[in-house]
Amino acid sequence: MAVGLDNLYKEVILDHYRNPRNRAEIRDVDRHADGNNPLCGDKVAVDLVLDGNTVSQIAIKGQGCSISQASASLMSEAIKGKTFEEIARLRQLFTTMMTSEDPIVDPERPGAILGELEALAGVKAFPVRIKCASLPWATLDVAISGTADQVTTD
Amino acid sequence: MDVRKDFPILAGNDLAFLDSAASSQKPEMVIEAMDTMLRSGYANVHRGAYRLSAEATDAYEAARAKVARFIGATSPAEVIFTRGTTTSMNMLAAKWGADRLVAGDNVVLSVMEHHANLVPWQFLKGIELRFARLTDDFALDLESVAELVDERTRIVSITGMSNVLGTITPVDRIREIAGRVGATVIVDGAQLVPHLPVDVTDLGADFLAFSAHKMLGPTGIGVLWGRPALLEEMEPFEGGGEMIDEVGLYESTWAPVPHKFEAGTPPIVEAIGLGAAVDYLTGLGMDAVRKHDVELTGYALERLATMPAVTVYGPTDLEIRGGAISFTLGDVHPHDLSTILDENGVAVRAGHHCARPLMDHLGIPATARASFSVYSSGDEVDRLVDGLKVAAKLFDIRQ
């Protein structure tokens, strides 16, 4: 079997695909955004409850491939309780991990830089799937900025 | 059918290409015909009085005659070159639909239509769209068609073969039902024409649309065939050069059929390529093409049935289905499946296949689809099944 596939479909990804976190409905939502990859049909919706500049609660809805849905689940865990500034930094690191030649993830110290989000590092080897992993983050961006409630990535 | 050697892209390529319903590969014969035209035969058609233009025009019109013979048309003038099935359907929706239908009329489609035979009809204002259902075995439900067709039905437009389910529809039976109320029968032949012998004199259609690129020809050209009287009656879709007779500042008259539907410089080289594709398919014989599809589809369905986690969406009866096989594997999303198969050297399509409403009807977001052409082989089917086993293992799906 191709090595890349084992890196792509790690146990963590499959666990988050089958048992997605933060799926429960939340009340008194402050921000909401819908994300959509029209070409492949992946969908992610993000609801946020804010406490000042901090995301105190998050709820995810959506359907799609394991990468998009696991990424949404992993993201929801990573950002809960974080400030907008902390989230922006995570987002930047995540984007670098997905797109940059520079390997920011240290194989000697798994999880040291981005925690469980590092499980998605293998997506980089599959360029057409990067947009699946990025969709939840693009949707979160829109929810936080509050400038629109829909985002489409391609 | 031992024809792989005729397809340069397949020679020495390990890829199991199972996405021919999206677009087929091209035989040497097509590539060479287009190459020769570009190198030594090219000029605009129906224009110049010089010899090269006259020869190009002859070649272009000869391609039209080949297509006409291929589908059993009585005259080449019944064959209009368009950009493809999509353009053909848009022409019909606009010029046979919007121009002629009035509020309260209805158009009958089916739930398995490709977006090309759905969205153009949605452009019609005040016209009701009705959708025929499927039977439990994914055949077109003729009772449903009969229930939907009434005296206000002006058009019944249905696929000849579903690009998702592989379902072949009984156009002659649809004709009977539509004929009771004098409705026009339009057949989306994008999948039908490449895979089955088609003779428009007994098909039962009034109009038939298809694309070259799915039948071993080039992109950028397709066909609208119509009954001569209807083509006479239909107004031009686009205005411009070539489609005119007399032109004044404020009004013009049209050239005869088919030229009144071919405004502007047509896809000349592509027409030559389509002509060569038709020659190639004729050489194989469409009965042999159909036999190959049936055998391969039968084999694929048999192999897929050995995997309990695989669900196939399409008829089990090989008589009413072609070689487009949609399926899912457990809870593995088709895009994941497609990535895993690609890593194992198998190219399939994953997604909604430009038939979103059908996915909703089936209650699934997407499927993976393996589809065949004349060069497809049992070995490729075996590799598909091997790839599916890899996917099942990765996603921990019990077999």
Side-chain angles (χ1 to χ4, degrees), chain A residues 1-20 23 34-45 60-74 98 119-136 152-154, chain B residues 14-16 19 22 115 119 164 309 313 326 328-369 383-399:
Chain A
M1 186 193 305
V3 179
L5 282 179
D6 274 338
N7 273 332
L8 184 63
Y9 296 111
K10 286 178 193 289
E11 244 172 74
V12 178
I13 306 279
L14 297 183
D15 176 39
H16 279 263
Y17 174 51
R18 293 210 165 109
N19 310 297
R23 283 268 169 166
D34 289 308
N36 182 20
N37 278 336
L39 286 180
C40 64
D42 289 344
K43 285 185 177 137
V44 170
I60 302 285
K61 293 191 199 72
Q63 61 170 40
C65 68
S66 66
I67 305 301
S68 67
Q69 301 308 305
S71 177
S73 175
L74 286 159
M98 283 292 125
L120 288 160
V123 178
K124 191 163 81 175
F126 299 84
V128 297
R129 304 301 299 278
I130 291 172
K131 68 179 195 303
C132 310
S134 309
L135 177 65
T152 296
T153 63
D154 52 35
Chain B
D14 274 346
L15 182 68
D19 194 22
H115 294 167
V119 181
V164 181
Y313 296 89
S326 274
T328 53
L329 172 71
D331 71 345
V332 185
H333 194 279
H335 290 122
D336 292 313
L337 211 45
S338 170
T339 296
I340 297 165
L341 289 172
D342 189 33
E343 283 297 292
N344 286 273
V346 180
V348 299
R349 174 91 182 264
H352 52 66
H353 316 290
C354 296
R356 203 72 176 251
L358 175 59
M359 295 294 124
D360 294 341
H361 182 79
L362 298 173
I364 47 176
T367 68
R369 179 190 67 191
R383 289 168 60 192
L384 168 68
V385 172
D386 291 346
L388 290 174
K389 286 181 176 158
V390 172
K393 189 154 179 273
L394 267 173
F395 273 74
D396 203 16
I397 287 171
R398 207 166 297 158
Q399 286 302 307

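Within every chain, numbering begins at 1; the chains are lettered A, B, ... in the order of the sequence lines, protein sequences first and strands thereafter.
- Summarising the geometry of B:Val332 relative to A:Tyr17, their closest heavy-atom pair is C-OH, 4.3 Å, with the distance given to 0.1 Å.
- Of the possible donor and acceptor atoms, none in the side chain of A:Arg129 sits under 3.5 Å from a partner among the backbone N and O of B:Thr339.
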Item to complete: Check the pair A:Leu5, B:Asn344 against side-chain contact (heavy atoms from CB on, under 4.5 Å), reporting the backbone distance first and the verdict last.
Response: CA-CA 10 Å; A:Leu5 282 179; B:Asn344 286 273; 3.8 Å; yes
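- Listed by chain and number, the residues in a ring pair (Phe, Tyr, Trp, His ring centres under 6.0 Å) with B:His115 are B:His352 (sequence neighbours excluded).
- Of all non-hydrogen atoms in A:Leu14 and B:Leu394, the two that sit nearest each other are CD1-O, 3.0 Å.
- Checked by atom type and distance alone, the side chain of B:Asp336 never pairs as donor or acceptor with a backbone atom of A:Cys65 at under 3.5 Å.
- The structure places OH of A:Tyr9 at 9.0 Å from CD of B:Glu343, a figure rounded to the nearest 0.5 Å.
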Item to complete: Kindly indicate, with the supporting measurements, whether the criterion side-chain contact (heavy atoms from CB on, under 4.5 Å) is fulfilled by A:Ile67 and B:His333.
Response: CA-CA 10 Å; A:Ile67 305 301; B:His333 194 279; over 6 Å; no
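- Between B:Arg356 and A:Gly41, the shortest heavy-atom distance links the atoms NH2-CA, 4.3 Å.
- Using a 4.5 Å cut-off between heavy atoms, B:Asp342 makes no contact with chain A at all.
- When heavy atoms are compared at a cutoff of 4.5 Å, A:Ile13 does not approach chain B at all.
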